[in-house]
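In what follows, a single structure is set out as structure tokens and then discussed.
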Amino acid sequence: QSTWDSRIWRFREELARQLVLLTELYTEREIDEYIAPLALTLSADKVAEVRNAAYRLIGVVLRCLNTAGDEELGPPLVASLVTRYALCPKWFGRHTFAVVCQHILEESACPAHQFIDTLLPNLVRLSSDTVANVRLAVARTLSRYMNNGGSVQQLSSQTLNETLSHLQNDPDKDVRYFATPISQLDNNNDESDYDS
């Protein structure tokens with residue numbers, strides 16, 4: 001039985017990876033109708049490897065839907081992400097939202113206005129979450145975006161700067177570390193911070 005379960009989760013992980021490639025073969029409507037629901041289902045899987053593959057799939061699916069020319073396709077998926085994950089009472093759902101946002105930014109999956117209006121306010125709210133792992137995921141998402149050359153002007157510079165500044169003063173040292181821009185990291189200070 002355990003061998004079979006092992007194969008099943010590996011199948012689900014491979015399915016998520018293959019669906020990323022299959023998005024190129026289908027129309028935006030077909031992606032919306034068939035692949036997007038699978039991506040959301042796989043993003044809630046019990047196995048981390050499956051979820052991680054599904055997070056990337058969500059970014060790719062959203063990019064396909066938003067570049068389709070049909071402005072009706074992307075917003076429902078974004079709204080579903082907010083409802084399902086950002087507003088989730090369980091910390092794991094809120095953490096998932098922050099990680100999915102990272103993939104959305106990496107894939108340039110939605111227009112800046114859509115991110116600013118719908119996703120960014122939820123990320124900002126989660127930067128004050130009671131669970132350190134959620135704040136860590138938010139810090140990682142925003143700092144990776146900034147460190148990879150993301151334009152602050154595109155995503156409301158004042159909001160981003162305030163949020164990252166707030167996270168740089170977080171009580172959790174891991175959150176502080178990931179919220180700090182690479183250019184400001186000093187190896188000596190960070191090593192001593194982790195020694196304590």
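Numbers here are sequence positions counted from 1.
- Atom OG1 in Thr141 sits 9.0 Å away from atom CG in Leu136 (nearest 0.5 Å).
- Glu49 is linked by a side chain to side chain donor-acceptor pair (under 3.5 Å) to nothing, counting only residues two or more places apart in sequence or in another chain.
- Legend: residues meeting salt bridge (charged side-chain N to carboxylate O under 4.0 Å, His left out) with Asp45, ordered by chain and number and at least two apart, are Arg12.
- Ser128 and His166 make their closest contact through OG-NE2, 3.3 Å (heavy atoms, listed as atom of the first residue, atom of the second, distance).
- Grouping the Ile, Leu, Val, Met, Phe, Trp and Tyr side chains by contacts below 4.5 angstrom, directly or via other members, places Leu65 apart from Tyr34.
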Validation: residues 15-24 side-chain donor-acceptor distances under 3.5 Å, sequence neighbours left out:
from	atom 1	to	atom 2	distance (Å)
Arg17	NH2	Glu13	OE2	2.8
Gln18	NE2	Glu14	OE2	2.7
Thr23	OG1	Val20	O	2.7

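- In this structure the side chain of Leu40 reaches within 4.5 angstrom of the side chain of Leu77, judged on heavy atoms.
- Legend: residues meeting salt bridge (charged side-chain N to carboxylate O under 4.0 Å, His left out) with Arg56, ordered by chain and number and at least two apart, are Glu107.
- Atom CZ of Phe97 sits about 4.5 Å away from atom CG of Leu119, to the nearest 0.5 Å.
- Here side chain to side chain donor-acceptor pair (under 3.5 Å) pairs that include residues 72-88, with residues two or more places apart or in two chains, are Ser43-Tyr85.
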For Thr130 and Trp91, what are the C-alpha separation, side-chain angles and deciding distance, and is it a side-chain contact (heavy atoms from CB on, under 4.5 Å)?
CA-CA 9 Å; Thr130 57; Trp91 77 268; over 6 Å; no
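- Atoms SG and CG, from Cys110 and Leu81 in turn, are 9.5 Å apart once rounded to the nearest 0.5 Å.
- Ring planes of Phe92 and His95: parallel class, angle under 30° (limits at 30 and 60°).
- Between the CG atom in Asn133 and the CG atom in Asp174 there is a gap of 8.5 Å [rounded to 0.5 Å].
- Of the inter-residue distances, the one linking Leu164 atom CG with Thr180 atom OG1 reads 9.0 Å to the nearest 0.5 angstrom.
- Within the structure, every pair that satisfies the salt bridge (Lys or Arg N to Asp or Glu O under 4.0 Å) test and touches residues 118-139, not counting sequence neighbours, is listed here: Arg94-Asp129, Arg135-Asp170.
- Gln168 and Ser165 share no side-chain donor-acceptor pair at under 3.5 Å.
- Taking Arg29 as the reference, Asp70 meet the salt bridge (charged side-chain N to carboxylate O under 4.0 Å, His left out) condition, with sequence neighbours excluded.
- Considering only residues two or more places apart in sequence or on other chains, Thr163 meets the side chain to side chain contact (heavy atoms under 4.5 Å, CB included) condition with Val124, Ser127, Leu142, Thr159, Leu167.
- Heavy-atom minimum distance, Gly74 versus Leu62: O-CD1, 3.7 Å.
- Checked against side chain to side chain contact (heavy atoms under 4.5 Å, CB included), Ala39 has the following partners two or more places apart in sequence or in another chain: Leu57, Ile58.
- Closest heavy-atom contact between Asn66 and Ala109: ND2-O, 2.8 Å.
- Evaluation of the side chain to side chain donor-acceptor pair (under 3.5 Å) rule for Arg140 yields no partner, not counting sequence neighbours.
- Leu120 contributes atom CG, which lies 6.0 Å from atom CZ of Phe115 (distance to the nearest 0.5 angstrom).
- No side-chain donor-acceptor contact under 3.5 Å links Glu33 to the backbone of Glu30.
- Glu28 pairs by the side chain to side chain donor-acceptor pair (under 3.5 Å) definition with nothing, not counting sequence neighbours.
- For His103, there are no side chain to side chain donor-acceptor pair (under 3.5 Å) partners at least two apart in sequence or on another chain.
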